[in-house]
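This report concerns only the one structure given below.
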Amino acid sequence: MLLSSSPSLLLHLPPLQSLKLTHNFLHGSSPIHLFKNPSSSLPTQSSSPPSSLPVIRAMKSMQGRVVCAANDKTVAVEVVRLWPHPKYKRRIKKKKKYQAHDPQNQFSVGDYVQLQKSSPISKTKAFVAVPVVAKNKPKAVEAVPPELGLPLESQEKSGE
């Protein structure tokens with residue numbers, strides 16, 4: 001089948017209409033002052049955090065165990081943290097030793113202390129050691145008040 005150039009055989013298509021762009025930026029006609037200060041088009045918000053949220057102080061203080069107390073006014077504290085392995089995702093213990101200031105030489109080896117960040121005291125010391133209640137310290141046994149006046153089973157057996 002041969003196509004001839006006769007006008008009767010040509011298909012009449014509607015003329016192409018240009019695409020209508022709805023956003024001004026696509027035409028390049030957006031005012032530039034909106035991009036220089038983006039907060040001018042947005043409603044202003046207060047930058048102060050809500051008072052109900054606690055203040056986050058990341059890595060300002062750490063806890064650890066004293067491993068060396070031989071130096072004057074200085075203790076070496078070992079801090080243990082758990083870190084996920086990048087490939088196996090198992091939690092691994094990571095240990096790091098920090099030098100901390102102990103002004104009264106009150107800590108001995110094995111004590112648990114809290115390290116608080118301070119201005120540098122010397123080349124290696126930038127923490128101050130603060131006492132903390134020991135983790136595995138036995139709790140004091142409370143005496144049972146004799147309110148009921150009944151002897152305990154252990155007291156009855158010992159009296160026989």
Side-chain angles (χ1 to χ4, degrees), residues 21-160:
L21 302 175
T22 58
H23 199 277
N24 290 337
F25 179 72
L26 296 175
H27 293 295
S29 63
S30 268
I32 296 177
H33 71 276
L34 291 177
F35 298 113
K36 289 182 180 176
N37 190 5
S39 63
S40 64
S41 63
L42 299 174
T44 58
Q45 297 176 357
S46 63
S47 61
S48 63
S51 60
S52 63
L53 296 176
V55 177
I56 298 173
R57 294 174 45 191
M59 294 303 289
K60 299 282 182 173
S61 64
M62 298 175 279
Q63 285 189 358
R65 190 172 58 89
V66 175
V67 292
C68 178
N71 301 329
D72 187 33
K73 296 185 180 181
T74 303
V75 289
V77 180
E78 186 178 58
V79 176
V80 178
R81 66 182 182 94
L82 293 174
W83 171 77
H85 190 276
K87 182 176 181 182
Y88 301 115
K89 307 300 182 206
R90 182 180 175 189
R91 295 170 70 188
I92 301 170
K93 285 185 181 180
K94 285 240 176 187
K95 298 179 184 179
K96 186 167 182 183
K97 282 196 337 186
Y98 294 95
Q99 300 292 321
H101 187 58
D102 179 17
Q104 287 101 22
N105 289 326
Q106 62 182 354
F107 300 114
S108 60
V109 175
D111 292 343
Y112 283 94
V113 295
Q114 183 172 4
L115 300 179
Q116 288 186 339
K117 185 88 173 147
S118 69
S119 60
I121 301 165
S122 70
K123 181 180 175 182
T124 57
K125 287 197 296 186
F127 293 97
V128 175
V130 179
V132 172
V133 178
K135 292 181 181 178
N136 297 326
K137 201 173 199 179
K139 296 180 180 178
V141 179
E142 297 179 12
V144 179
E147 296 171 351
L148 301 176
L150 299 174
L152 298 175
E153 290 180 11
S154 60
Q155 292 175 348
E156 290 176 358
K157 291 180 182 177
S158 64
E160 292 177 1

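Computation of the quantities below employed the complete heavy-atom set of this structure, encompassing side-chain atoms and omitting hydrogens, waters and symmetry-equivalent molecules.
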Hey, can you pull the donor-acceptor pairs under 3.5 Å for the side chains in residues 85-95, sequence neighbours left out?
from  : atom 1 : to    : atom 2 : distance (Å)
His85 : ND1    : Lys87 : N      : 3.0
His85 : ND1    : Tyr88 : N      : 3.1
Lys89 : NZ     : Pro86 : O      : 2.9

Exercise for review: Only counting residues at least two apart or in another chain, list the ones meeting side-chain contact (heavy atoms from CB on, under 4.5 Å) with Asp102.
Suggested key: Val75, Asn105, Gln106, Phe107

Revision key, fill the gap. Across all chains, not counting sequence neighbours, the side chain to side chain donor-acceptor pair (under 3.5 Å) partners of Ser108 are Asp111

Review point. When rounded to the nearest 0.5 angstrom, what distance separates CD in Gln114 from CE in Met62?
Key: 10.0 Å

Without placing hydrogens or testing angles, list every side-chain donor-acceptor pair under 3.5 Å for residues 120-132, not counting sequence neighbours.
from   : atom 1 : to     : atom 2 : distance (Å)
Ser122 : OG     : Lys125 : N      : 3.3
Lys125 : NZ     : Lys73  : O      : 3.2
Lys125 : NZ     : Thr74  : OG1    : 3.0
Lys125 : NZ     : His101 : ND1    : 3.1

Check your understanding: For the atom pair CD (Glu78) and SG (Cys68), what is the distance rounded to the nearest 0.5 Å?
Key -> 11.5 Å

